[in-house]
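Presented below is the structure to which this report refers.
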Amino acid sequence: MDMYQSPYMGLPGITTEELAFLQQATSGLTDDQKKYFYMAYTGKRKSPQDVLLFTLIGFFGVAGIQRFLLGQIGMGLLYFFTGGFCLIGTVVDLVNHKTLALEYNQKMAFESFNIAKLGN
């Protein structure tokens, strides 16, 4: 598969699950809509490595910063004021950083899909 057929392969840290989800989500879009989708999605997408990095920062600095990054303000505040649930929540997020990124990216794909459908 070349880059023209699947531009998502160039996204940093993309997993096979995310790639399959994106291909399925964009299968019914026209070429112009796929371009709008790609532009909107790449601007909103979070890399699993970024989530991992911000989770590690929680050990040494501000607990819960990964939750703020993922748009979970309430959980971010809870982590901040409880020290990442006494670091237990931070460890769980460290183990599950790929799942957290995938769930967030699926939400952003849905929003980007709606933007692409309305754009044309």
Side-chain angles (χ1 to χ4, degrees):
M1 206 178 268
D2 62 36
M3 290 297 286
Y4 180 73
Q5 290 177 336
S6 183
Y8 309 114
M9 292 298 293
L11 295 173
I14 191 161
T15 61
T16 54
E17 294 88 7
E18 185 180 0
L19 181 61
F21 180 80
L22 292 174
Q23 289 174 338
Q24 181 182 14
T26 60
S27 64
L29 297 177
T30 66
D31 286 340
D32 286 338
Q33 289 174 331
K34 285 180 183 180
K35 289 177 188 174
Y36 282 126
F37 175 85
Y38 182 77
M39 287 188 301
Y41 181 71
T42 55
K44 296 178 179 191
R45 180 183 182 272
K46 302 294 183 217
S47 169
Q49 289 88 2
D50 291 344
V51 176
L52 176 62
L53 176 67
F54 284 105
T55 304
L56 288 172
I57 291 172
F59 281 113
F60 306 107
V62 181
I65 196 166
Q66 75 276 10
R67 294 295 181 152
F68 288 112
L69 176 75
L70 298 173
Q72 300 173 353
I73 306 303
M75 283 296 287
L77 290 172
L78 189 61
Y79 272 48
F80 178 75
F81 289 116
T82 62
F85 295 146
C86 298
L87 293 180
I88 295 171
T90 304
V91 171
V92 171
D93 283 357
L94 186 65
V95 173
N96 294 323
H97 72 277
K98 288 183 181 180
T99 304
L100 290 170
L102 180 62
E103 290 172 356
Y104 176 81
N105 290 337
Q106 286 176 342
K107 290 177 191 173
M108 294 304 106
F110 181 72
E111 287 182 17
S112 300
F113 178 81
N114 288 332
I115 290 170
K117 286 298 261 186
L118 294 175
N120 278 339

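Computation of the quantities below employed the complete heavy-atom set of this structure, encompassing side-chain atoms and omitting hydrogens, waters and symmetry-equivalent molecules.
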Evaluate the side-chain proximity of F59 to T90: yes if any heavy-atom separation is below 4.5 Å, no if none is. yes

Exceeds 12 heavy-atom contacts within 6.0 angstrom, atom NZ of K34: yes

Aromatic ring proximity, centroids under 6.0 angstrom, Y79 and F85: yes

Would you indicate whether the side-chain heavy atoms of K117 and T30 approach each other to under 4.5 Å? no

Assigning hydrophobic clusters by single linkage (Ile, Leu, Val, Met, Phe, Trp, Tyr; side-chain heavy-atom cutoff under 4.5 Å), is F54 placed with V95? no

Find out if a path of hydrophobic residues (ILVMFWY) with successive side-chain heavy-atom gaps under 4.5 Å connects I65 to L56. no

Taking atom NZ of K46 and atom CD of Q66, what is their separation to the nearest 0.5 Å? 13.5 Å

Which pair of heavy atoms, one from P48 and one from A101, lies closest together, and at what distance? CA-CB, 3.8 Å

Report yes if the side chains of I14 and L22 come closer than 4.5 Å at any heavy-atom pair, otherwise no. yes

Please name the pair of heavy atoms, one in A40 and one in S112, separated by the smallest distance, quoted to 0.1 Å. C-OG, 3.5 Å

Spell out, yes or no, whether L11 and M9 are grouped together once hydrophobic residues are joined by side-chain heavy atoms under 4.5 Å, including indirect joins. yes

Checking side chain to side chain contact (heavy atoms under 4.5 Å, CB included) between L52 and each of L94, D93, I57, L100, which is the one that passes? L94

Co-membership, hydrophobic cluster, residues F68 and V51, 4.5 Å side-chain: no

For K98, look at atom NZ and say whether over 12 heavy atoms of other residues, nucleotides or ligands are found less than 6.0 Å away. no

Determine whether more than 12 heavy atoms belonging to other residues, nucleotides or ligands lie under 6.0 Å from atom CD1 of I73. yes

Near F110 CZ, under 6.0 Å, is it more than 12 heavy atoms from other residues, nucleotides or ligands? no

Is it possible for you to say whether Y41 and L19 belong to one hydrophobic cluster, with membership spreading through side-chain heavy-atom contacts below 4.5 Å? yes

side-chain contact (heavy atoms from CB on, under 4.5 Å), that's the test. Do V62 and F80 meet it? Break it down for me. CA-CA 7 Å; V62 181; F80 178 75; 3.7 Å; yes

Indicate the ring-plane relationship of Y38 and Y8, choosing parallel, tilted or perpendicular according to the 30° and 60° boundaries. tilted

Shortest non-hydrogen contact between A63 and G83, atoms and distance: CB-C, 3.8 Å

How many angstroms lie between atom CD of E17 and atom OG1 of T99, to the nearest 0.5 angstrom? 8.5 Å

Of the non-hydrogen atoms in P12 and S47, which two are nearest, and what is the gap between them? O-OG, 3.5 Å

Taking the side chain as every heavy atom from C-beta outward, state whether F37 and L29 have any pair of such atoms under 4.5 Å apart. yes

Do E18 and R45 sit within salt-bridge range, that is, some charged N less than 4.0 Å from a carboxylate O? yes

Start with the C-alpha distance between T55 and R67, add both sets of side-chain angles, then the distance that settles side-chain contact (heavy atoms from CB on, under 4.5 Å), and finish with yes or no. CA-CA 9 Å; T55 304; R67 294 295 181 152; over 6 Å; no

Once you round to the nearest 0.5 Å, how far does CG of L102 lie from NE2 of H97? 11.5 Å

